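What you see is a predicted model, and the numbers here were worked out from it, not measured in a lab. As the structure lists them, so they are numbered: ligands from 1, and atoms in each ligand from 1.
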Amino acid sequence: MPATHHPRVPAWPPKSAPRLFVAETLAAGAIVRIEGNPAHYLARVMRVAPGDVVILCDDVTGEWAARVSDAGKRDVVLEVAELLREREAVPDLWLCPALLKKDRFDLILEKATELGSARIQPMLTRRCVADKLNVERARAITTEAAEQCARTALPELAEPVKLDALLAGWPEGRALFFADEEGGEPAAAAFAAHRGPAAILTGPEGGFDDAERASIRAHPAARPISLGPRILRGETAALSALAVWMASAGDW
Ligand code: SAH
């Protein structure tokens, strides 16, 4: 536990205190003004009043207790009090899922956050039905998932990139586990044998075409994996591979 400035009494901060990620880096004594939807959430939904405690996270330093100093119609003003937890460490795993139809991809965003992916890199392939991602909306989904699960770290969320560009710019030293429904090393064994930075690549509704499969397999970082004899939907493949990775190479 981090050192605290005041002795912690059991009721403080209350478990029911609202949690919120903010854009600015937090420090003791900082004044934070919340506007827009988050202000509505605090003032109207959670009905915070001056003196109430709100838990703030910044995705940099960690989790802080803050006190409401003013709760108006348009904004809520908070004063940051003390650091409660430092930002958690997250295993160095990227998830690179092909873009899927909206509700399916929303599921990936939410669940990959809960499962602890360090970075989500959406990818565009030839058979992608969806071709755009509203990154701001996607960010709202990952943030809400992290708030609900009391996480102090958000996954980094990247703009979608084409498969070719992703492969061309692939960083040295990061294993690229390629979920290939046509076969590969069993995922659990491949993950268990691996140490170091990694990523999991999964395809869209219609899978990869032959040329894509060949170019992924030709990449020096690529490690084709199988997720078993059953064909999974794109979102199931991404999330189940992530869970298996956390269990065998991550921090479960
Ligand atoms: N090509 C399929 C469906 C693709 S499933 C079709 O006939 O329509 C979507 C993606 O999930 C695949 O591209 C692959 O990355 C992953 N996937 C699904 N089942 C898999 C399995 N059993 N092993 C490895 N990857 C799988």
Side-chain angles (χ1 to χ4, degrees), residues 91-133 138 141-142 145 155-171 174-194 197-250 252:
D92 189 1
L93 180 76
W94 298 0
L95 186 64
C96 306
L99 215 52
L100 304 173
K101 284 185 196 155
K102 195 164 142 198
D103 55 335
R104 302 287 161 177
F105 202 76
D106 287 355
L107 197 69
I108 291 187
L109 293 166
E110 180 178 298
K111 302 307 171 198
T113 303
E114 293 173 42
L115 289 163
S117 172
R119 176 180 163 99
I120 302 171
Q121 170 62 75
M123 177 182 67
L124 297 166
T125 68
R126 288 195 198 94
R127 293 188 184 152
C128 274
V129 178
D131 63 352
K132 279 192 190 63
L133 178 71
I141 291 169
T142 58
E156 205 185 303
L157 187 57
E159 293 276 351
V161 292
K162 290 193 170 158
L163 171 63
D164 294 349
L166 183 69
L167 294 178
W170 195 255
R174 182 172 296 273
L176 175 54
F177 289 106
F178 164 41
D180 188 351
E181 71 271 29
E182 293 191 356
E185 194 184 345
F191 295 157
H194 179 75
I200 296 169
L201 190 90
T202 57
E205 291 86 348
F208 294 98
D209 72 17
D210 289 344
E212 289 173 331
R213 175 169 284 105
S215 66
I216 301 168
R217 282 181 170 261
H219 195 283
R223 307 269 305 274
I225 51 165
S226 165
L227 301 171
R230 290 162 294 278
I231 298 285
L232 308 173
R233 295 183 68 152
E235 70 277 18
T236 317
L239 296 169
S240 55
L242 182 49
V244 171
W245 193 88
M246 286 295 166
S248 49
W252 282 13

Counting only nitrogen or oxygen atoms and a 3.5 angstrom limit, does G228 reach ligand 1?
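Yes; at least one N/O pair falls below 3.5 Å.
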For ligand 1, which is the ligand I care about here, please tell me if L232 has any N or O atom under 3.5 Å from one of the ligand's N or O atoms.
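Yes, there is a polar N/O contact under 3.5 Å.
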Contact between H219 and F178 at the side-chain level, heavy atoms closer than 4.5 Å - yes or no?
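Not in contact.
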Would you call E156 and W94 a side-chain contact if the rule is heavy atoms closer than 4.5 Å?
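E156 does not reach W94 side chain to side chain.
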Check salt bridge (Lys or Arg N to Asp or Glu O under 4.0 Å) between R223 and all other residues, then give those that pass, not counting sequence neighbours.
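Salt bridge (Lys or Arg N to Asp or Glu O under 4.0 Å) check on R223 returns E185.
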Nearest neighbour in protein (non-hydrogen) for atom 12 (C) of ligand 1:
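For atom 12 (C) of ligand 1, the nearest protein heavy atom is E181 OE1, 3.2 Å.
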Minimum-distance protein heavy atom relative to atom 23 (N) of ligand 1:
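Its nearest protein heavy-atom neighbour is L227 N, 2.8 Å.
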Provide the number and element of each atom of ligand 1 under 4.0 Å from a heavy atom of [X].
X	result
F208	13 (O), 15 (O)
A237	11 (O), 16 (C), 17 (N), 18 (C)
P204	4 (C), 9 (C)
I231	19 (N)
E205	3 (C), 4 (C), 8 (O)
G203	9 (C), 10 (C), 12 (C), 13 (O), 14 (C), 15 (O)
I225	24 (C)
R230	19 (N), 21 (C), 22 (N)

W252 and L115: CA distance, side-chain angles, deciding distance, side chain to side chain contact (heavy atoms under 4.5 Å, CB included) verdict:
CA-CA 10 Å; W252 282 13; L115 289 163; 3.6 Å; yes
Stepwise salt bridge (charged side-chain N to carboxylate O under 4.0 Å, His left out) test for E212 and K162
CA-CA 11 Å; E212 289 173 331; K162 290 193 170 158; over 6 Å; no
Any protein heavy-atom neighbour for atom 7 (O) of ligand 1 (distance below 4.0 angstrom)?
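It does not; no protein heavy atom is within 4.0 Å.
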Charged N to carboxylate O under 4.0 angstrom, K101 versus E235?
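So K101 does not pair with E235 through a salt bridge.
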Is it true that, when you exclude D210 itself, more than 12 heavy atoms of the residues, nucleotides or ligands shown sit nearer than 6.0 Å to its CG?
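No, because the 6.0 Å sphere around CG of D210 holds 12 heavy atoms or fewer from other groups.
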Report the part of A179 (side chain from C-beta onward, or backbone N, CA, C, O) that has a heavy atom under 4.0 Å from ligand 1; answer both or neither where that applies.
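Under 4.0 Å from ligand 1, A179 contributes backbone and side-chain atoms.
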At their closest point, which heavy atom of L93 faces which heavy atom of L242, and how far apart are they?
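Taking every non-hydrogen atom into account, CD2-CD1, 3.2 Å.
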Please lay out, stage by stage, how L167 and I216 fare under the test side chain to side chain contact (heavy atoms under 4.5 Å, CB included).
CA-CA 7 Å; L167 294 178; I216 301 168; 4.1 Å; yes
